[in-house]
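Here the structure is a predicted model, which means the values were calculated and not measured. Positions are given from 1, in the same order as the sequence printed here.
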Amino acid sequence: QNTLIDIIVQQTGTITAAAKHLDISMRSIHTARSRNREYAITDPPASVIKFISEHKDLSWRQVNTQFEESVLSYLYMAYGANKKILSRKLDISYTRTLQLTAGMSLTQYHS
């Protein structure tokens with residue numbers, strides 16, 4: 001999320017313009033930055049940069065949903081298309097895994 005914010009700020013010129021572009025409040029930007037501070041990386045992987053550039057016109061909610069679906073799809077395929085293994089590897093309940101994957105085409109990104 002911090003990388004997304006940084007890229008959009010760079011493209012729009014200001015944090016205020018970035019918030020408007022992402023359709024979120026300034027408070028939400030500051031909250032996300034604070035919440036993710038300990039996980040922030042200075043040199044994000046090329047795949048993350050590519051993902052953001054391909055989805056730069058989406059709102060904050062849309063790009064985060066798209067990213068989550070992409071990651072879950074990738075992991076689902078990496079773990080043999082098995083939701084029980086996916087839930088165990090992510091250390092979440094099987095019920096939560098079903099909730100997260102409901103309505104998703106889990107092979108749409110990595111078939």
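- Looking at Y39 and Q1, their side chains never come closer than 4.5 Å, going by heavy atoms from C-beta outward.
- Taken from NZ in K20 to OG1 in T14, the straight-line distance is 10.0 Å, to the nearest 0.5 Å.
- In this structure, I29 and I24 have side chains that are in contact, with non-hydrogen atoms separated by less than 4.5 Å.
- Between atom CG of residue L75 and atom OG of residue S87 there is a gap of 12.5 Å, rounded to the nearest 0.5 Å.
- Rounding to the nearest 0.5 Å gives a distance of 11.5 Å between CG of L22 and CD1 of I15.
- Note: L86 CG to I92 CD1 = 6.5 Å, rounded to the nearest 0.5 Å.
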Step by step, would you call L90 with L100 a side-chain contact (heavy atoms from CB on, under 4.5 Å)?
-> CA-CA 12 Å; L90 294 176; L100 288 171; 5.6 Å; no

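- Between the OG1 atom of T3 and the CG atom of D43 there is a distance of 9.5 Å, given to the nearest 0.5 Å.
- Using a 4.5 Å cut-off on side-chain heavy atoms (C-beta onward), Q11 and I8 make contact.
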Trace of the salt bridge (charged side-chain N to carboxylate O under 4.0 Å, His left out) decision for R96 with D91 = CA-CA 10 Å; R96 181 65 181 140; D91 195 26; over 6 Å; no

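- Between F51 and V63 the shortest side-chain heavy-atom distance falls below 4.5 Å.
- Partners of Q62 by side chain to side chain contact (heavy atoms under 4.5 Å, CB included), not counting sequence neighbours, listed by chain and number: L58, S59.
- Scanning both residues, K50 and S53, for their nearest heavy atoms gives O-OG, 2.9 Å.
- A single hydrophobic cluster is not seen to contain both Y74 and L98; linkage of ILVMFWY side chains at heavy-atom distances under 4.5 Å, directly or through other members, places them apart.
- When the side chains of ILVMFWY residues are joined at heavy-atom separations under 4.5 Å, either directly or via intervening members, I85 and Y94 end up in two distinct hydrophobic clusters.
- Panel note: side chain S34, backbone T31; no donor-acceptor pair is recorded below 3.5 Å.
- Residue-environment remark: OH (Y79) exceeds the threshold of 12 foreign heavy atoms within 6.0 Å.
- For the atom pair I41 CD1 and N36 CG, the distance stands at 11.0 Å (nearest 0.5 Å).
- Under the 4.5 Å side-chain criterion, counting only non-hydrogen atoms from C-beta, D23 is not in contact with R61.
- Between N64 and W60, the closest side-chain pair of non-hydrogen atoms falls below 4.5 Å.
- The closest side-chain heavy-atom distance from D6 to R33 is below 4.5 Å.
- When all heavy atoms are compared, the tightest approach of A18 to T12 is N-OG1, 3.3 Å.
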